[in-house]
Number of protein chains: 4
Amino acid sequence: MGGSTAPHRGNRHGRSEEARQAVLEAADDLLAERGFAGVTIEGIAARAGVAKQTIYRWWPSKVDVLLEAFTEDMAEHLTPEDHGDLGTELRTHLARLAEFLTGSDPGAVFRALAGQAQHDPQLAARLRDDHLSGQRDRDRAPLLRAVERGELPADLDVDVALDQLVGPIYYRVLVTGSPVPRTFTDDLVAAFLHRHQH
Amino acid sequence: MGGSTAPHRGNRHGRSEEARQAVLEAADDLLAERGFAGVTIEGIAARAGVAKQTIYRWWPSKVDVLLEAFTEDMAEHLTPEDHGDLGTELRTHLARLAEFLTGSDPGAVFRALAGQAQHDPQLAARLRDDHLSGQRDRDRAPLLRAVERGELPADLDVDVALDQLVGPIYYRVLVTGSPVPRTFTDDLVAAFLHRHQH
Amino acid sequence: MGGSTAPHRGNRHGRSEEARQAVLEAADDLLAERGFAGVTIEGIAARAGVAKQTIYRWWPSKVDVLLEAFTEDMAEHLTPEDHGDLGTELRTHLARLAEFLTGSDPGAVFRALAGQAQHDPQLAARLRDDHLSGQRDRDRAPLLRAVERGELPADLDVDVALDQLVGPIYYRVLVTGSPVPRTFTDDLVAAFLHRHQH
Amino acid sequence: MGGSTAPHRGNRHGRSEEARQAVLEAADDLLAERGFAGVTIEGIAARAGVAKQTIYRWWPSKVDVLLEAFTEDMAEHLTPEDHGDLGTELRTHLARLAEFLTGSDPGAVFRALAGQAQHDPQLAARLRDDHLSGQRDRDRAPLLRAVERGELPADLDVDVALDQLVGPIYYRVLVTGSPVPRTFTDDLVAAFLHRHQH
DNA sequence: TGTTAACCGAGACGGTACGTCCTGTCTTTAA
DNA sequence: TTAAAGACAGGACGTACCGTCTCGGTTAACA
């Protein structure tokens, strides 16, 4: 955080970073404490010590607040590392994905947003285009590297392969609610490698 | 005439089947027309020509109305048939599941309920226990029959297998929003058979 | 009227008399304590222990609440008595009017409504037609009786006469804020009698 | 001060006359177009092309803006002329007063301020002391001159007389909303002269 | 000839109240 | 006993203004 970033409260440069952070935190906290229905604009405003109008000025709705909170949190997670070994990379990455979705605070926010997206096609599109597509690109990377290395066939349909790898994880998280242990994700990788590596 | 079936409006003989049907239909219609947020108790009552109290008397909440509407619709669908051939059964069944989830009215209700379940653990549990578990039992049948016939190894973890088969379908439906064509479901079956039928 | 008026709280017969009274009293109290600007729908609702919607259901605006409160209070006051003597009647009546306008709670409500009527022509019309015209008819009575008795000329313009009698009182109340002592009202009567009873 | 009042925009010597005039005009226009409730600081600022802060810097509230606008407009009107004849002076003056109150733009501002004064005792006092007392002094002049000339008795209570002369006019303007024709004001003068001139 | 101080526009801020909508509870009359 | 009707207390919605504040720009007097 170099130097100044003067803490201004309302001026012509624009918005108050202080207020913005307070809103995002309040939304996160309320989601964790009371669930999605417990997140209200009035509640966020009250907890953040902020005027309702300040929220409406910058976010069209409460899901946009959560979306921004989610984006901030998700950035650092879930970038698969380049180990030079497909199996290891996939096992590590899927395990991290499972942990993110089931065990982290931003994972809870994601589940809420994914749920709301079922009611709101616009949100669904936004969630996919602005937030999940980047993640999907990162997911794709290990497979593409493996294709380049010759570990996987050149004609592999990467998107289908990806759906088979991560689909069961999301399914457990969003539908069955079962835990997603390491054995489960490892087994997904094993099935994948068994089919595609000779 | 045997028994009642008289179209009564408020009487001493028990609940009005007329009102019940009107409520379920109104809820279905509203969901289709305005989405989940457009389904309100007041809206259902007004459209069904029914008093709010009548709804509250028989259903604890609007999701219960939808749940009941969903149950009625889902019964007929999705019972895998016994063809004596695992591959055929699975291909047919997964294709029907995909069509149900993406293309039918009750599929839309399911998506809404699954979405709401992300916000409401009690609903999630109820959805799983009362509605999806039966379906999952039906899903399991072809695999169990195949194990009995010796087409699949006796030590197969049927639940894990099932998650790998249907998970990618739900993932596309609930998360990516991609279409789920026959090629996709057939490929899931192919991958499964390739692994487990040497 | 007669008999019961059972104290019901919300039913198909109609409104809760309990709530109605609570609203009128709360509005009166708030006006007395905090002035017109301190009378808000939210404030009335909170003090009356009533939902905002209940107020909006029955009154279009806060001035309508005050108007109704005013009407209830004003009925009993200000009916000039028939003494058979014009001078006595007028002196008594004008003194009572002055006291009503300057010294009573409903007088304060009237002043607030008259003030608001300067901003709102519709309110002005309503105030005149529904509330003051009746009072004006009562004011007119002594003069008409005197005309019948021959105490006043038959061609007297009663409206002009009335304006000359009560106008200075309202002027002091609404514009100069001066007190309106008995001597002032008596003098108005004296001037009037001096002119019209040679 | 002397002379120029150069049209400066922002400098250390004082306020912008340009901004001041724009604010006063905007307030006047808004009052005429939308009524008192339609006059808001934000609205004045927007219409005048002025910052809210500029208004708050120079006027404590919107009524102060209107008060100043009113003062500017009222000065030229309503100074009774010295004709040497009481009846003529009074008739002319009351007719002008009636016209001012009912027919002019500043009259509309006056009515709004008088209305607001019913809700706000401080405003009422200010209106009386700073604005109406001067007018009242001017109103008094013809009577005092007549007393000096011997046209009126020396012991006349001028304030009471004045209230009887102008009170009915204000009453019609503020309460009954009736028109105030020349016959009405002439009749007031006639009644007054009939009583006080032998 | 810069420096500086007063005023300007712009507009974000924490708030209050608005009027609307929906919730879940209640009480009544009719069948 | 159930139904339709609908009033009730409550609470969140999104909007409009309030009065305060901080900012960058302009301009004249003074250094």
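The sequence lines fix the lettering, A, B, ..., with proteins before strands; numbering per chain opens at 1.
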- request: Check each of A:Leu66, A:Val50, A:Val39 against A:Ile44 using the side-chain contact (heavy atoms from CB on, under 4.5 Å) test, and report the only one that passes.
  value: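 When A:Leu66, A:Val50, A:Val39 are each tested with A:Ile44, the side-chain contact (heavy atoms from CB on, under 4.5 Å) holds only for A:Val39.
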
query: On a plain distance test, is the side chain of B:Gln53 in donor-acceptor contact with the base of E:dC26 below 3.5 Å?
result: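 Such a pair exists between side chain and base.
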
field: Base of F:dG19 paired with side chain of D:Lys52 (donor-acceptor, under 3.5 Å)
entry: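 Side chain to base: pair present.
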
message: For C:Leu24 and C:Asp28: C-alpha separation, side-chain torsions, deciding distance, then whether side chain to side chain contact (heavy atoms under 4.5 Å, CB included) applies.
response: CA-CA 6 Å; C:Leu24 296 181; C:Asp28 253 348; 6.0 Å; no

message: Which residues in residues 31-44 of chain A have a heavy atom closer than 4.0 Å to any atom of DNA chain E?
response: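 Correct list: empty, so none.
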
field: Working for side chain to side chain contact (heavy atoms under 4.5 Å, CB included), residues C:Lys62 and C:Gln116
entry: CA-CA 11 Å; C:Lys62 74 175 185 178; C:Gln116 196 59 17; over 6 Å; no

- request: Quickly work out the A:Asp64 CG to F:dG14 P distance and round it to whole Å.
  value: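 After rounding, the gap between these two atoms is 11 Å.
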
task: Can you tell me the distance, in whole Å, between the CD1 atom of C:Ile55 and the P atom of E:dA17?
output: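 Computing the C:Ile55:CD1 to E:dA17:P distance gives 13 Å.
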
query: Is there a donor-acceptor pair closer than 3.5 Å between any side-chain N or O of D:Thr71 and the backbone N or O of D:Leu67?
result: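 Checked: pair present.
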
Overall bend - the helix from E:dT1-F:dA31 to E:dA31-F:dT1, comparing terminal axes fitted on five pairs, nearest 10 degrees: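 Overall, the helix from E:dT1-F:dA31 to E:dA31-F:dT1 bends by 10° from one end axis to the other.
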
message: With rounding to the nearest 0.5 angstrom, report the CD to CH2 distance, C:Gln53 to C:Trp58.
response: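 Rounded to the nearest 0.5 Å, the CD-CH2 separation comes out at 11.0 Å.
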
query: Under the side chain to side chain contact (heavy atoms under 4.5 Å, CB included) criterion, do C:Arg126 and C:Asp64 qualify, and how do the steps go?
result: CA-CA 10 Å; C:Arg126 210 137 46 94; C:Asp64 293 81; 2.8 Å; yes

query: Quick one: do D:Arg20 and D:Glu68 make a salt bridge, cutoff under 4.0 Å?
result: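 Counted as a salt bridge, because a side-chain N and a carboxylate O are separated by less than 4.0 Å.
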
- prompt: Between B:Glu33 and B:Arg47, is the closest basic N to carboxylate O distance under 4.0 Å?
  reply: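 The answer is yes: the pair qualifies as a salt bridge.
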
message: On DNA chain E, does the nearest nucleotide to D:Ala19 precede the nearest nucleotide to A:Ala19 from the 5' side, or the other way round? Give the residue.
response: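 The answer here is D:Ala19.
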
- request: Quick one: sort the A:Phe110 and A:Phe70 rings into parallel, tilted or perpendicular, breaks at 30° and 60°.
  value: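 It falls in the tilted class, 30° to 60°.
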
query: Is there a side chain to side chain contact (heavy atoms under 4.5 Å, CB included) between A:Ile41 and A:Trp59 once you walk through the steps?
result: CA-CA 10 Å; A:Ile41 299 282; A:Trp59 294 276; over 6 Å; no

Within residues 56-63 of chain B: residues closer than 4.0 Å to DNA chain F (heavy atoms):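 B:Arg57, B:Trp58 - these, ordered by number, are the residues of the stretch whose heavy atoms sit under 4.0 Å from the strand.
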
field: Student check: side-chain heavy atoms of D:His119 and C:Arg111 closer than 4.5 Å
entry: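 Not touching, per the 4.5 Å side-chain cut-off.
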
- prompt: Any side-chain N or O of C:Thr54 under 4.0 Å from OP1/OP2 of F:dA9?
  reply: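 Answer is yes, contact under 4.0 Å.
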
